[in-house]
Amino acid sequence: MTATVSTRTTAALTAESLTVRFGGLTAVNRISFDIPLGGIVSLIGPNGAGKTTFFNALTGLYHLAEGRVMLGDRNVTGLSPNKIANLGVARTFQNIRLFGLMTAEENVKVAMHGHMKSGVFSTILRMPWQRHEEKAAHDAALELLDFVGIGKTAGEYARNLSYGDQRRLEVARALALKPSVLLLDEPTAGMNPRESAIFTDFVHRVRDEKNVSILLIEHDMSVVMRVSERITVLDRGETIAEGGPADIKANERVIEAYLGKSGTEV
Amino acid sequence: MTVSDIATVTQAPKQRRSFVKPSMRWPLGLLVAAVAFFLFYYFDTYFARAVPDQFSDFMHQWLPLLSVNEALVYVMCAVGLNVVVGYAGLLDLGFVAFWAIGGYTAGWLMSGFFHTLNFRFFGSAFTKVNEIPGIHINFWTVLVAAGLICALFGVIIGAPTLRLRSDYLALVTLGFGEITYEVFYNGNNVFGKNISNGTQGITPVDSVRFFGFDQTGALTWKDLGPFDALPKFVIFVGLAAIVMFASMRIREGRLGRAWLAIREDELAASSMGVPLMPTKLKAYAIGAVAGGIGGVAFAIHVSGVLPDRFRFDISITLLAMVVLGGMGNVWGVTIGALVLAWTNSTALPQVQKAITESGADVEVGTTLVVVGVALAVLGVVLMIRGVSGGLLPVFIGVLVVVIGGALLYKGPGTSFQFLVFGSVLVLMMLFRREGLIPEARTRLVLREQERTDAEGLGADMEDVAPELEALTDEAIHVGGVAPTQMIDGKETKR
């Protein structure tokens with residue numbers, strides 16, 4: 001397993017007693033969690049358990065009531081989402097949030113914004129360094145699209161891509177940030193079992209070739225069990241179990257949490 | 001070599017058919033129109049015998065040089081507003097403020113307004129100007145200064161307000177436009193100081209030193225007086241071209257992509273490392289620069305600055321130009337600005353004049369009202385019958401009634417103009433929302449169905465593995481297939 005060399009700590013990202021409150025409601029309550037360097041870990045739990053809230057808290061979209069987030073050695077608590085993104089935490093969204101009226105290539109290039117430097121005047125005058133930077137961005141974008149397997153769609157508007165390709169484009173866009181941590185929010189939602197299985201391999205390939213540590217929120221248990229090295233189970237904003245796939249499968253509280261939920265549903 | 005030669009030969013007919021590269025059609029077309037227009041007025045002014053009288057009269061009536069110059073000022077401002085509204089998706093109802101600030105910058109820096117000072121910098125060389133004290137700075141320098149001042153104001157206004165969401169932002173910009181107007185309107189006494197001469201405005205503004213023509217039509221280097229509209233036309237075409245060119249270049253670059261991303265989805269954009277506030281502020285500032293340039297050009301056009309030219313309705317007209325022309329597309333916005341400015345300044349007054357002169361306004365007005373009512377009734381009947389196209393006759397009918405009513409009323413020209421103007425806007429929004437020449441993206445969103453929506457539905461139905469089922473299933477078969485084995489068993493993608 002390849003690991004990022006620059007950081008000394010063993011975790012790519014650490015959350016310490018993270019708490020998010022909406023008014024009087026505590027959506028995420030003192031969750032401590034870490035993503036090991038080069039690891040693939042999952043976050044599961046019934047609907048409303050606080051998984052996506054936890055994600056949004058990590059990426060700076062929500063204000064933390066308590067706790068802190070460390071990216072390697074660096075404290076990123078309270079930074080704005082764009083700063084956290086540029087420091088190396090990339091994410092995808094549960095309900096795809098691409099820039100629909102931009103082409104696949106442009107979508108990927110948007111995420112390179114923070115890595116590019118050319119200003120307004122060099123853009124107007126098309127200075128040599130600006131052209132060079134644009135060319136590099138173009139090449140990098142095409143390479144990323146090829147990597148996720150949708151190189152042919154570079155010129156298509158994102159909203160016209162098929163569902164699966166949109167999911168792939170979201171990953172390509174996230175990877176354009178050159179992240180050290182990749183957060184995938186229900187990446188296989190809406191995929192059929194075969195597509196989900198292919199996706200599992202894809203996650204491994206991303207981890208190995210792009211040197212990222214991956215955190216996954218997932219509903220599809222078969223995917224979770226296959227892909228994760230460690231699973232954390234949330235219920236009502238709290239951690240109720242943590243361990244390898246086999247441990248989680250055997251865990252009474254986990255099954256209870258899910259069955260309890262099924263009792264209220266339908 | 002030979003292979004490529006053959007390829008060129010076989011492709012040759014195709015290339016010949018498209019004489020001009022598609023991307024160059026608009027700029028070349030507009031350039032040709034500008035040159036033709038310039039040549040006409042050049043010969044008309046200096047070699048009157050070269051132009052047939054009837055043609056000359058027609059042009060002076062329907063395409064006067066002064067109204068085209070004014071339309072070009074509108075182009076600069078509309079293209080600037082397009083950066084804010086079309087690119088970054090921020091609704092701005094007070095854009096005229098930047099136009100005004102640019103205009104007053106010209107007023108302050110190019111006139112005898114500050115009569116206690118006497119500062120000159122390559123300014124106008126009219127003997128009269130040389131005798132008047134005040135600040136007399138060269139036109140091109142003032143352009144840059146106005147751009148910078150407007151950018152600064154853009155940031156000052158934008159910084160506290162751009163956190164607001166669309167509707168609230170629109171209201172704040174509306175207020176900003178009104179405040180700016182009021183400040184200049186009542187600017188003859190701001191805490192005892194005169195900053196704008198109030199309702200009288202600042203006149204005259206210095207002339208521009210530029211290439212002009214003497215009585216024989218020969219090219220000279222001179223100060224452009226009030227009758228040198230033709231050289232000003234050249235300057236305005238140049239300025240408009242620069243503004244258009246710059247805005248298109250910026251759109252294609254890093255900043256333009258960030259604007260579009262924000263327009264599409266703010267949250268996703270910020271999660272992809274695009275800083276929201278700085279990016280929006282840049283849109284505001286860059287749009288303001290174009291507004292400032294337009295302001296200075298307008299001050300030159302009318303040789304002065306008057307607060308009444310910066311009313312709220314100009315903001316709305318500019319916004320209408322952007323929307324009608326095709327939001328986000330510089331060519332569309334340019335055409336929209338030219339057409340609307342021309343309609344306002346020339347076409348509607350000409351139509352009204354022609355009707356009034358014919359002396360038939362009562363007859364024509366009555367006929368129009370009758371025809372309009374008939375059309376509207378027909379439309380309503382169609383709609384009741386369930387025919388989908390019924391809305392069109394209703395609105396055309398209403399439009400015709402409005403025009404006819406205006407003729408019968410014989411009211412002041414402006415009210416008639418705005419009636420027509422407003423009705424055209426309503427019609428456009430009903431039948432061609434994307435504008436005259438829309439950006440491909442806008443057309444897409446308004447005219448084509450979205451794939452994701454439909455597939456999202458299908459995907460939901462296909463989603464046959466609810467988590468509960470999977471978990472209980474796996475929980476029952478604990479120790480079934482080990483995770484690693486399953487990964488190895490799958491065929492690798494690609």
Side-chain angles (χ1 to χ4, degrees), chain A residues 59 61 80-82 85-86 91 93 96-102 106 109-111 113-114 116 118 120 123-124 126 130 134 149 157 159-163 166 173-174 177 189-193 197-198 200-202 204-205 219-222 225-227 245-246 249-250 254-255 258-259 261-262, chain B residues 245-246 249-250 252-258 260-261 263-265 267-276 279 282 286 439-442 444-445 448 450-452 455-456 458-460 462-475 478-479 482-484 486-487 490-494:
Chain A
T59 50
L61 289 173
S80 57
N82 58 292
N86 284 326
R91 69 170 294 175
F93 294 89
I96 302 172
R97 297 190 82 140
L98 289 166
F99 309 118
L101 293 178
M102 300 175 80
E106 283 177 314
K109 279 185 185 167
V110 167
H113 186 87
M116 294 170 76
S118 45
V120 173
T123 309
I124 295 175
R126 280 221 180 126
Q130 191 265 352
E134 281 292 319
Y157 286 119
R159 73 204 287 273
N160 291 348
L161 297 186
S162 73
Y163 194 78
Q166 291 193 350
R173 186 178 67 171
L177 283 164
M191 287 187 183
N192 63 35
I198 294 173
T200 318
D201 295 331
F202 177 61
H204 280 270
R205 208 161 61 83
H219 270 286
D220 188 336
M221 286 302 151
S222 61
M225 295 300 161
R226 247 177 290 150
V227 82
K249 274 183 211 170
V254 177
I255 296 167
Y258 273 89
L259 286 175
K261 181 201 144 229
S262 82
Chain B
F245 175 79
R249 276 280 172 91
I250 297 174
E252 284 163 20
R254 163 178 178 253
L255 188 56
R257 280 195 299 270
L260 244 63
R263 186 181 82 179
E264 290 287 301
D265 189 335
L267 193 142
S270 74
S271 294
M272 292 304 133
V274 175
L276 296 182
T279 310
K282 278 177 195 162
I286 289 169
E439 197 191 11
R441 300 167 207 274
T442 325
L444 198 65
V445 78
E448 280 180 34
E450 185 158 14
R451 184 169 178 174
T452 323
E455 291 205 355
D460 276 349
E462 254 181 31
D463 193 6
V464 287
E467 55 196 290
L468 174 70
E469 197 181 312
L471 187 80
T472 46
D473 188 47
E474 299 227 358
V478 177
T484 41
M486 283 187 68
I487 293 161
K490 287 288 168 219
E491 55 170 19
T492 41
K493 200 171 54 67
R494 268 164 32 104

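- A distance-only check finds no donor-acceptor pair linking the side chain of A:E106 to the backbone of B:R257 [under 3.5 Å].
- In plain terms, the two heavy atoms of A:I124 and B:R249 that are nearest each other are O-NH1, 2.8 Å.
- With B:R254 contributing its side chain and A:S118 its backbone, the two residues share a donor-acceptor pair below 3.5 Å.
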Kindly indicate, with the supporting measurements, whether the criterion side chain to side chain contact (heavy atoms under 4.5 Å, CB included) is fulfilled by B:L255 and A:V120.
CA-CA 7 Å; B:L255 188 56; A:V120 173; 3.7 Å; yes
Tell me, with the steps shown, if A:R126 and B:E252 meet salt bridge (charged side-chain N to carboxylate O under 4.0 Å, His left out).
CA-CA 10 Å; A:R126 280 221 180 126; B:E252 284 163 20; 2.4 Å; yes
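- Shortest non-hydrogen contact noted between A:F93 and B:M272 is CE1-CE, 4.3 Å.
- Residues B:A261 and A:V110 approach most closely at CB-CG1, 3.7 Å, considering heavy atoms.
- For the atom pair B:L267 CG and A:T59 OG1, the distance stands at 8.0 Å (nearest 0.5 Å).
- Here the shortest heavy-atom pairing between B:G273 and A:N86 reads O-ND2, 3.2 Å.
- Annotation for B:S270 and A:L61: closest pair OG-CD2, 4.3 Å, computed over non-hydrogen atoms.
- A:R97 and B:A268 make their closest contact through O-CB, 3.5 Å (heavy atoms, listed as atom of the first residue, atom of the second, distance).
- In terms of heavy-atom pairs under 4.5 Å with chain A, the best-connected choice from B:L276, B:T279, B:V274 is B:V274.
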